[in-house]
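Report on the following structure.
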There are 2 protein chains.
Amino acid sequence: MSAVASQELHEEVRRRLAEHDIRYTGGRQAVVRTLQRVEGPQSAADLHKRVRSIPLSSLYRSLMVLADVGILSKHHDSDGLARFELAEWLMGHHHHMVCTSCGRVEDIEPSSDVEAAIRRLIDDLASSVDYQVEDHVLEVSGICPACSK
Amino acid sequence: MSAVASQELHEEVRRRLAEHDIRYTGGRQAVVRTLQRVEGPQSAADLHKRVRSIPLSSLYRSLMVLADVGILSKHHDSDGLARFELAEWLMGHHHHMVCTSCGRVEDIEPSSDVEAAIRRLIDDLASSVDYQVEDHVLEVSGICPACSK
DNA sequence: TTCCTTGCAAACGATTTGCATTGGA
DNA sequence: TCCAATGCAAATCGTTTGCAAGGAA
């Protein structure tokens, strides 16, 4: 559940890719490295600005491959743009705090007891509709400290 | 917080639109009526199938207008498709349970004490990053009863 | 050699927009 | 009359794909 150490991360990724006979190429490493050092989910365009050496189509292909094998998680922001971040087994489980004013996204890592409480609530909710819970996403929106001034 | 009575709904909508000098036309009523009777957020294509009389471009325009004045809320599914549902002040606050197998989305209305607990947790999380909470979305994914058989 | 990868350009598909027309207050 | 609303076609734009060339094992 907790994040993989930074040094081990690339080895973990390489290993996971190898299981699928997929190479951990320079372009893919650049994507993972970039996502490792920036906060919040990034769009293809965001990443393209940071690794201008990789053409967009290749970037999209890398993102697809990495998401397919579970190294990245993909979701869509309020504008429908696809955004990517390192998957939870690499990043650690976390939630998002989105500023409705500036769009900034902050990662929030709940303390273990808060997280436990969330799970309990979710299990409650799920049992009422007889679902088998796999995962959950909590996204909180509000005004960030910078914008509230 | 609770849902507006079905009969009052259209009056509420008409009122809200009137504040913006926007007419509550047949097409818009069809959209609202459809969203009122189907479960879960609907895509433009979904809605178009149900109200085939309205061309897609007009449908998109209705959806945009209705979302802009806060009658509909818009979000994107895992494929990036825009989906719409009646806003919370009309629908009542609720969360989503998404089946990862068949894609079905179920609305979940948390009991008031569960909801209170969620808010407490969120306020906790938010205070740690000094955000001013406005809203929250909890999306739980798992296997629905039909798919688990 | 074998197959995964990459680049470029073309194709796609959801959504948006220009413009002339229609319709309600 | 006046201005919002509509329909149609064309344009946008993020994303995907075909295909030929490149590269690692």
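Order of the sequence lines fixes the chain letters, A, B, ..., with proteins taken first and strands second; residue numbering starts at 1 for each chain.
Rounded to whole Å, atom C1' of D:dA24 lies 12 Å from atom CZ of A:Arg14. Distance A:His48 NE2 to C:dC8 C1': 13 Å, rounded to the nearest Å. In this structure, CD of B:Gln29 is placed 15 Å from C1' of D:dT6, rounded to the nearest angstrom. Distance A:His75 NE2 to D:dT15 C1': 17 Å, rounded to the nearest Å. Remark: P of D:dG23 and CZ of A:Arg28 are 15 Å apart, rounded to the nearest angstrom. The nearest whole Å value for the distance from the CG atom in B:Leu59 to the C1' atom in C:dA14 is 12 Å. If you measure from atom CG of B:Asp46 to atom P of C:dT15, you get 10 Å, rounded to the nearest angstrom.
For the atom pair CD of A:Glu115 and CZ of A:Arg120, the computed distance is 11.0 Å after rounding to the nearest 0.5 Å.
Using a distance-only test at 3.5 Å, with no hydrogens or angles considered, no donor-acceptor pair links the side chain of A:Asp124 to the main chain of A:Leu121. Judged purely by atom type and a 3.5 angstrom limit, B:Glu39 has no side-chain atom pairing as donor or acceptor with the backbone of B:Glu106.
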Contact letters for nucleotides 16-25 of chain C, in which S counts primed atoms plus P, OP1 and OP2 and B counts the base, heavy atoms under 4.0 Å: BBB----BB-

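Looking at A:His93, A:Glu88, A:His94 one by one, the single match for side chain to side chain contact (heavy atoms under 4.5 Å, CB included) with A:Met91 turns out to be A:His94.
Under a cut-off of 6.0 angstrom, the local environment of CZ in A:Arg52 is sparse, with at most 12 non-hydrogen atoms contributed by other residues, nucleotides or ligands.
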Show, in sequence, the C-alpha distance, side-chain angles and deciding distance for B:Arg37 and B:Arg50, and conclude whether the side chain to side chain contact (heavy atoms under 4.5 Å, CB included) test is met. CA-CA 11 Å; B:Arg37 68 182 162 73; B:Arg50 303 194 189 250; 4.0 Å; yes

Under 3.5 Å donor-acceptor pairs involving side-chain atoms of residues 61-80 of chain A, not counting sequence neighbours:
from	atom 1	to	atom 2	distance (Å)
A:Ser62	OG	A:Ser58	O	3.3
A:His76	ND1	A:Gly80	O	3.1
A:His76	NE2	B:Gly80	N	3.3
A:Asp77	OD1	A:Asp79	N	2.8
A:Asp77	OD1	A:Gly80	N	3.1
A:Asp77	OD1	A:Leu81	N	3.0
A:Asp77	OD2	A:Arg83	NE	2.8

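Computed from C1' positions of five pairs at each end, the angle between the two local axes of the helix from C:dT1-D:dA25 to C:dA25-D:dT1 equals 30°, rounded to 10 degrees.
Residues B:Glu134 and A:Thr100 have side chains that bring a donor and an acceptor to within less than 3.5 angstrom of each other.
Between A:Thr25 and B:Gly80, the residue anchored nearer the 5' end of DNA chain C, judged by the nucleotide with its closest heavy atom, is A:Thr25.
When heavy atoms are screened at a 4.0 angstrom cut-off, A:Ala45 is found touching no nucleic acid atom at all.
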